[in-house]
Amino acid sequence: LPFLGRRVGATEVIDIQIGSSHPTTNIWAHAMQAALQPEVDRLLAEKGAYSVRWHENYGGTLYKFTDTRTAVRDGIVDIGMVGTLWEGSAMPLQNITYYTPFANDDHMAVIDIFDGLTETLPELKDSWTAQNMQHLSSLITDSYGIYANFPITSVADVANRRLSAPGSSANWLAGTGATPVDGALTTYYTDIQTGVSEGTLSFASGIQPTRVYEVAPHLARVGFGAMYFGGIAANLDFMARLPPEVAEAIVTAGKHTSSAHGAYVTERSNAALTEMQAAGLQTVDFDAAARTEWAATLPSIVQPWVEANGEPGLKVLHAYFDALAARGLTPARDWTSGL
Amino acid sequence: MSSITLGGLLVGLLLVLILLGMRIAIALISVAFLGVWLLRDNFTLAMKLMSIATYNGVANYLFATIPLFVLMGQLVSVSNVGKDTFEVADALLRRVLGGLGIATVAANTVFAAVTGVSIASAAVFTKVAVPEMTHHGYRASFATGVVAGSSILGMLIPPSLLLIIYGVLAEVSIGKMFVAGLVPGVLLAGGFVVMIMLAARFRPDMVFDAERLREKRLSMAELPRLTSRQLLSKSLPILLLVVLVIGGLYSGFFTPTEAGGVGAFAALIVALLRRSLTGRKLWQVMKDTGSVSVGILILLVAANFYGQMLAVAGVPAAISDFVREIGLGPVGFLILHIALVLLMGMILDSSSILLIFVPISAPIALALGFDLIHFGILTVIAVEVGLLTPPFGIAIFTVHAALADRRVPLEAIFAGALPFVAIMLLLLVLLAAFPGLVVY
Amino acid sequence: MATPSHAPEGPGKVPPFRRGLQAVLDIMGAAGTVWIFGLMLMIMADVAGRNLLQMPVTGVAEIASRSVVAIVFLMLPAAALRGNMVRADFLVSRLNRVAPGVIRLLEWLFCLAGVAIFVLIAVSAWPDTAEAWRTREFFGVQGVWTLPVFPFRLIIVVSGFATALALAIAQLMPVAQTAAPLEI
Ligand code: NA
Ligand code: NA
C-alpha cells in the first residue's frame, strides 16, 4: 500500500476543463468523451509521469451552440468542440464544403482532407491560431439528403415545394423552384406535420433521434455530400501552460480521435438509416446523372463566398478540390471552374 | 471547499437575497458572477462568461414570441375583446360559483392549443382576465393565481416547447409526446375547474372579496341581462381570433413560433376594426408591451447566466452521479427523479432542468422498464410545477410584470397559485399510478 | 402602516435631473417598443410571402433571435429607473415596520450591488464589441443575407452603463410611491 501511495504521488495530476454545446449522444461531442479523453489517458499512463482529472461540461449547460468558438478562445473550457458551421463570420474558410455541395460523401476523405489542409494551408491553420485555438481533430456530418412527405426522384420534383433548409443549406435549393423555410432540428417534426414545410435537408445521424421520418417517410439520398462541420480544438494559452509531454499527448490523441470519429459517424449513420427504414422510411438513391442534373441546376453558389473571402477563399477552394482529385474523387460539379 | 459545497452556498445566498427583497434579476446575475469568479478563481473568466450570457442568453426565436404574445394580450384588452368575452362567460356561468375562474381555465385550455410557451399564456390572460375577475368580486390573489396556474396548460397541451425539448433529448417521437400530452392536459384543466368550484363553495373567503362581491351584486341587480344577440356579438371577435390562429396553425400556414406574430397582427386588425385604437392608445399599448416584456426577458437572461454558474460548480454532474450511484428500484427512482425535478424547479428555469436531467435519467428510466413517453409526461409536469413555485417561478413573475399593479405583491400571486400546484401534484400521482392515461 | 404613503406623484416632485434622464431613457425604450412592432410585421411578411408568393423573408428566425436581446437591453434602463424589475417584498414590508433602518441600509447595499454588476456587464461586453467592430463581424449567410454584429453588441454596453446610472438615480432621487397594498 505505501508503494501504491508513492506511485500515485509521483504522477502529477493535470486538471482539464472539457465541454461542448451538445450532449455526448451527439456525434461530435461523442468523439471527445469516447475517443479523445481515453486516448489522452492511455498515452499518459504509458509514460506514467502525468494523469488528467477531466472536468466534463457536456450538454450545453455551460454554453450554447452560439458560443462554441468563444468558449474555447476565452478559456471557458480548455478543450471543446467548435462548430465552424456557426462561425461564418469569424471562421468563414472552414465552411467551404457547405458552398460546394455534391463534392463527395466519403466520411474519412473529408476528415483526412481537413486534418491535412489545416496543417499545411496557412490560411486554415492561422484562422484557428487567430482565435487563440489549436485544431486537434476534424468533425463532420454524414451526407445530407432530403426527408420529405412526398417522393423525390429528380430535381424537378422539388419545384414549388416548401423545404426546411436553414442557413447555408438554403443555397442548395437555389434555382430549383423550391422555397427554403427557416427552422431547426427541434422544429422540423412539427413544421412538416402541420404542413409549414414538406420536408427537410438533413443527415441521418442527426435526424434519426428527432423521428422526422414519421412525418416525412420519403428519403431522397440526393448526395449533397458529407460536410466539414468544425473541429475539436484546444485553447492556446492552456496548451502553452501544459508540460510538453501532456500537450504532445493531446495532439496525438487528436489525430486518433479524427479517425475514430469517422468510423463512428459511418457506424451511426448506417445504424440510423437501418432503423429508420425498419420504421417505414422509403429510400431513393440518386444516381450520378440525377446528382449532376441537380448540381447543374444550381447557380454558382460558391462565387459570393469566394468574393467575400478573397484570395484566401480562392486558395482554400482550389486546395480542397485538388485534394479531392488526388484521392480520385470526382465531384458532381466542378465548383472551381471559372474561378 | 469543494465546488459542490460552494455551489450549494451560492444557491443559499441567492435565496437570502431574494427574500430580503433584492431585485430578482440582479440577485441572479450577481450571484452567478460571484459564483463563477470564486469557483474558477478567475475574474476575467467570469467577465467572459457574463458577456456570453448577456449577448446570447435569450437570443432564441422562441423567446422572440414572448413580446409578441404580450402585445396580443394588450391589444385584446384595449379593444375590449377580453372584457366582452368575460361578460359572455359571466352570463353563461352566472349560476356556477366561480364561473369566471372556470372561464379563465377554459380560455387557457383553448389558447394552449395555440402557444407552446406558458409565459405567453400568462402574459395574455393577466391583461384580459385579472381586471375582469377583480371587477367581478374575486380576490386579486386568487384571480392572479388562476391565470398563473392555468397558464401551465400552454406547455402540456400541444404544441409545447417542453415536450419538444424532452422528445429531442430522450430521442422519442415529438408527435407521440404531443398526443400523450392531450389527456393529461384535459385532466389537469378539469382538476383546476373542480378545485375552483370546491373552493368557491366551501372556502368562499379564499376566492371572493366579500365587500366587492356585495357591491357587484348591487350593481348587477340594476343591469339588464344580455340578450342572445348581444351574447353573440360580444363573443364573435374572440371566436374569430381563436379560429384564425388555431386554423392557421393546423393548416400549416404558420408555425407555433410564428403564431405570436400572427396573433398579435390579428388582434391589431380586430382593434382597428372596432375603432378602439387612437394613435395615443396604440402608443400606450406598445409602451406597456415593452415594459412587461423587459421584466420577463431580463429574468430569462439572468436565469440563464445563473444556470451556467451551476454548471461551472458541477451541480448537474453531481446530481447525475448521485442518481446513478444510489441504485434504486423503479418506484424509488421515479420518486427521487420527480423530487429532484421539483426541487430544481424552485431555483432554475424549465428548459435548463430538462437539459440537466433528461440525458441522465432517461437511459436509467428505460433500463428500469419505464415507457419513455410516460416518463416524459411525468417529467414535464414536474418541471412545470417549477413555473409556479417560489422563489424562482417564472409564470408568477410574468403575471406580476404583466399586471404592473404594485398593490398585488409577488407573494400574493405565489399563494394564489398554490392550490394549482396541489392539483398538479395530484395529477402526477394519478398519472404515475395509471400509465394508461398517457400511453394508449 | 405607520406612515401613510399616499403622497401624490406630481411632476413637481420629480427632481429635474431625474426627469431629464427619464426622458432620454424613455426614448431608448421607445426604440425597443417600435422594434417589437417591427418584429411582428417581419413575421407577417414571412408568413404571407412564403404562402402566397413562394417568397419567404430569409433569416427571420436568426434576426428575431438577435432582436430579443436588443429589445431587452434597449428597454432595461427605463425599467430600472421606474423600479419595474420584479422583487419579492413581503419580508421587507414586514421588517420595515420593526426595523426601518436595517431596510434602508439593505436598499443601499442592493443599489450598490446593482450598479456594480451593471457596470461590469457593460465592461464585460466591451471587448467583444470592439472585436466585432474591428473584424466587421456579421451574422447570417454569406451571399444570402448578412447583418453587422457591432450595433447589437453596442446596445448591451450602452444599456449596462445606462442601467447602472438609472439604478443609482432611482435610489438617490426617489419619488413617492402612490399605491397602497390591496387586501389579499
Ligand atoms: Na400548447
Ligand atoms: Na420555481
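The structure presented is a predicted model; accordingly, all values stated were derived computationally and were not measured.
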Evaluation steps, side chain to side chain contact (heavy atoms under 4.5 Å, CB included), between C/I63 and B/Y61: CA-CA 8 Å; C/I63 295 171; B/Y61 194 11; over 6 Å; no
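- Taking chain C as the reference chain and counting heavy-atom pairs below 4.5 Å, the highest number among B/G290, B/G252, B/A46, B/A25 is found for B/G290.
- Heavy atoms closer than 4.5 Å to chain B are found nowhere in C/D26, neither backbone nor side chain.
- Of the listed residues B/W283, B/F142, B/F414, the one with more heavy-atom pairs under 4.5 angstrom with chain C than any other is B/W283.
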Residue pair B/L297, C/F73: steps toward the side chain to side chain contact (heavy atoms under 4.5 Å, CB included) verdict: CA-CA 9 Å; B/L297 291 170; C/F73 283 96; over 6 Å; no
Side chain to side chain contact (heavy atoms under 4.5 Å, CB included) between C/F118 and B/I26, worked out: CA-CA 9 Å; C/F118 274 99; B/I26 299 181; 3.9 Å; yes
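- For the atom pair OG (B/S30) and CG (C/L120), the distance works out to 9.0 Å, reported to the nearest 0.5 Å.
- Contact annotation for B/F43: only side-chain heavy atoms (C-beta onward) come within less than 4.5 Å of a heavy atom of chain C.
- Interface residue C/L106: only side-chain heavy atoms are found under 4.5 Å from chain B.
- At a 4.5 Å heavy-atom cutoff, the contact between C/R153 and chain B is made by backbone and side-chain atoms alike.
- Interface remark: B/L34 contributes no atoms to any contact with chain C (heavy atom separation under 4.5 Å).
- When each of B/A64, B/A59, B/G263, B/G261 is scored by its heavy-atom pairs under 4.5 Å with chain C, the top score falls to B/A59.
- You'll find the side chain of C/F110 reaches within 4.5 Å of the side chain of B/L20, heavy atoms only.
- Proximity to chain C is limited to the side chain of B/F33, based on heavy atoms less than 4.5 angstrom apart.
- Only the side chain of C/I43 comes within contact range of chain B, with heavy atoms under 4.5 Å apart.
- Both the backbone and the side chain of C/A61 come within less than 4.5 Å of a heavy atom in chain B.
- The structure places CD1 of C/I36 at 7.5 Å from CG of B/L68, a figure rounded to the nearest 0.5 Å.
- Heavy atoms of C/M44 lying under 4.5 Å from chain B belong exclusively to its side chain.
- Between the side chains of C/S65 and B/N60, not a single donor N or O lies within less than 3.5 Å of an accepting N or O.
- Counting only distance, with no hydrogens or angles, the side chain of B/R23 and the backbone of C/C111 share no donor-acceptor pair below 3.5 Å.
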Evaluation steps, side chain to side chain contact (heavy atoms under 4.5 Å, CB included), between C/L41 and B/F265: CA-CA 8 Å; C/L41 294 178; B/F265 191 77; 4.0 Å; yes
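- Looking at B/L299, the atoms closer than 4.5 Å to chain C (heavy atoms on both sides) all sit in the side chain, from C-beta outward.
- At a 4.5 Å heavy-atom cutoff, the contact between B/L71 and chain C is made by side-chain atoms alone.
- Using a 4.5 Å cut-off between heavy atoms, C/I121 touches chain B through backbone and side chain atoms alike.
- Taking the ring centre of B/Y55 as origin, the terminal cationic atom of C/R66 falls inside the region bounded by 6.0 Å and 45° from the ring axis.
- A distance of 6.5 Å separates CE of B/M286 from OG1 of C/T33, quoted to the nearest 0.5 Å.
- Note: B/E258 CD to C/M42 CE = 10.0 Å, rounded to the nearest 0.5 Å.
- Rounded to the nearest 0.5 angstrom, B/K287 NZ and C/M75 CE are separated by 13.0 Å.
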